[in-house]
Amino acid sequence: MLDIKFIRDNPDLVKDGIRKKYGDADIDHILDVDRQRREILTELEQLRERRNKVSGDIAVMKKNKEDAAAQIAAMKEVGQTISQREQQLRNIEEKLDGMLLLVPNLPHESTPVGKDEAANVIVRHWGEPPQMAFKPAPHWELAAKLGMIDFERGAKLAGSGFILYTGVGARLERALINFMLDVHTSRHGYIEVSPPFMVNRQTMTGTGQLPKMHEDMYQLSDETLYLIPTAEVPITNIYANEILNGDELPKLFVAYTPCFRREAGAAGKDTRGLIRVHQFDKVEMVRIVRPETSYNELEIITANAETILQLLGLSYRVCLLASGDLSFAAAKCFDLEVWAAGLDKYLEVSSCSNFGDFQARRMNMRFRPAEGEKPIYPHTLNGSGLALPRTVIAIIENYQTADGKIVVPEVLRPYLGGAEIIE
RNA sequence: GGAGAGGUGGCUGAGUGGUCGAAAGCGGCGGUCUCGAAAACCGUUAACCCCGUAAGGGGUUCCAGGGUUCGAAUCCCUGCCUCUCCGCCA
């Protein structure tokens, strides 16, 4: 959420940012409603001031056994006007909040301006796509043949886009989760957490999934809980409505969770194999930091995610997202795209974003920079480290042999009972 | 699922309709004393919003949302959460 005062003071800046992000918020309308709100508020507060004063008088008069009937009658009328104004104020604040929650975050000045992913900037490459003397097979063929995934029965159980990992496939999933968590906790200093996989509406709103992305969420029929689309949601919200001490920052968390996404609007796209599924595993990093450090922290979190790909020996490239390709809440974002030999293309396996104070303001999370100072909003960041299915795709496709087996990356072998090859 | 108790400031905890943003203690901060520290003593101690260049003024907040009343931390209703006991259960 943007600060209404900031919008009031910098309407053109805000409009320009929204334009760059190809958003559609009506700032003039918001400012108009804000003006109405303050008018009513001013009047209401004057009425309340009067009531407070006279009510105090009444108390004194009663104590002195004087007659206060006239004052009580007058205040009765004032009370009615106050109720009316309060109702008006409630309505208008609800309206204003509803609109503010739909205003996207503004892109950072270092975010390239452009409409969509075509305008993204490739920042760097790491490693080389493997050279193969044969035509590499897609992961769905290899995984099925090696008994790692039962696509048909996964679909039978829950529908298309749901995966049944079997045998060594299931174990590879677990191995990757443990490997990633171990690297981030022991080498990168993150605290491991295991959050709820379902959250309430307030939590979903705090990070920006609601109200805008409602269609993409799985919602329980009791209407109070949602399945998380990413661990970002519960983790970033851990300190919602709290005031932290400045010396506690930065806070670094990492978690494994499943992620649930309806992928509404993506039907028919990337339907084969593991590329786009409704439930997947992910290890996610979150950093809650002091504002002045957040863009440096973005470089760190991106490097943390890259470390995983490097240790797995998977070639990738880093893209700086263009303004129009940024998510609703992000100010700046690097995507990590891993090479998949069988698909013959790059796949997004990680998104590392800086949200500025956008999420912190939505969830009312603050910190006190120093003893005695006013609390301010920290900046929040998150990065996948990594999303599992596409990492699995890259391992299967890039490490495949001519006879249809898969070489296990060295760092994973201890997690797979020492196995060097999947056959 | 059944029965009961409770949710007050950074913490403990008092407060059952009137000058209560809220006693007291602890903690924090500042000061006196001291070479310094401790102790003691004195003072201080929230968040948010509106008007204002500022000084300052005003308002809101005692889990949340409604209601009663001239006036609510205090009374009523609803919801959420916590604790205890019983039942069920991984």
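The sequence lines fix the lettering, A, B, ..., with proteins before strands; numbering per chain opens at 1.
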Next on the checklist: Need to verify one output field. Residue with the more 5' nearest nucleotide on RNA chain B, L41(A) or M75(A)?
Outcome noted: L41(A)
Checklist entry - For the pair made of CD1 in I72(A) and C1' in rG17(B), what is the distance, rounded to whole Å? => result 13 Å
Checklist outcome for this item: NE2 of H108(A) to CG of L298(A), rounded to nearest 0.5 Å, is 9.5 Å
Item to check | Partners passing salt bridge (charged side-chain N to carboxylate O under 4.0 Å, His left out) against D32(A) (at least two apart in sequence or in another chain) | outcome: R35(A)
Checklist entry - Can the positive tip of K282(A) be found less than 6.0 Å from the middle of the six-membered ring of Y256(A), inside 45° of the ring normal? => result no
Checklist entry - When the P atoms of rA22(B) and rA47(B) are considered, how many whole Å apart are they? => result 15 Å
Item to check | Complementary nucleotide of rC81(B), counting Watson-Crick and G-U pairs under 3.5 Å | outcome: rG6(B)
Can you check nucleotides 54-58 of chain B for protein contacts, nitrogen or oxygen pairs under 3.5 Å, and list what you find?
residue : atom : partner : partner atom : Å
rG58(B) : N2   : E45(A)  : OE1          : 3.0
rG58(B) : N2   : E45(A)  : OE2          : 3.3

Item to check | rC49(B) phosphate, OP1 or OP2, under 4.0 Å from R38(A) side-chain N/O | outcome: no
Checklist entry - Parallel, tilted or perpendicular: which fits the ring planes of Y218(A) and F162(A), with parallel below 30° and perpendicular above 60°? => result tilted
Next on the checklist: Does a side-chain N or O of R90(A) approach OP1 or OP2 of rG66(B) to a distance below 4.0 Å, or not?
Outcome noted: yes
Next on the checklist: Any base atoms under 4.0 Å from R8(A), or only sugar-phosphate, or nothing? Heavy atoms, all strands.
Outcome noted: sugar-phosphate
Checklist outcome for this item: When K62(A) and T42(A) are each assigned the nearest nucleotide of RNA chain B, the 5'-most assignment goes to K62(A)
Checklist entry - Taking the P atom of each, how far is rA37(B) from rG52(B), in whole Å? => result 47 Å
Item to check | Electrostatic pair K20(A):D16(A) at N-O distance under 4.0 angstrom | outcome: yes
Next on the checklist: Once you apply a heavy-atom cut-off of 4.0 Å, does I58(A) come out as touching a base, just sugar-phosphate, or nothing?
Outcome noted: base
Item to check | Rounded interatomic separation in angstrom, taking CG from L47(A) and P from rC51(B) | outcome: 17 Å
Checklist entry - Checking all strands, does R50(A) fall into the base, sugar-phosphate, or nothing category for heavy-atom contacts under 4.0 angstrom? => result nothing
Checklist outcome for this item: Which of L100(A), N105(A), I18(A), N10(A) passes side-chain contact (heavy atoms from CB on, under 4.5 Å) with L2(A)? Answer is N105(A)
Item to check | Interatomic distance at P, rC77(B) relative to rU84(B), whole Å | outcome: 26 Å
Checklist entry - Looking for any heavy atom pair under 4.0 Å, which part of the strands does K53(A) touch: base, sugar-phosphate only, or nothing? => result nothing
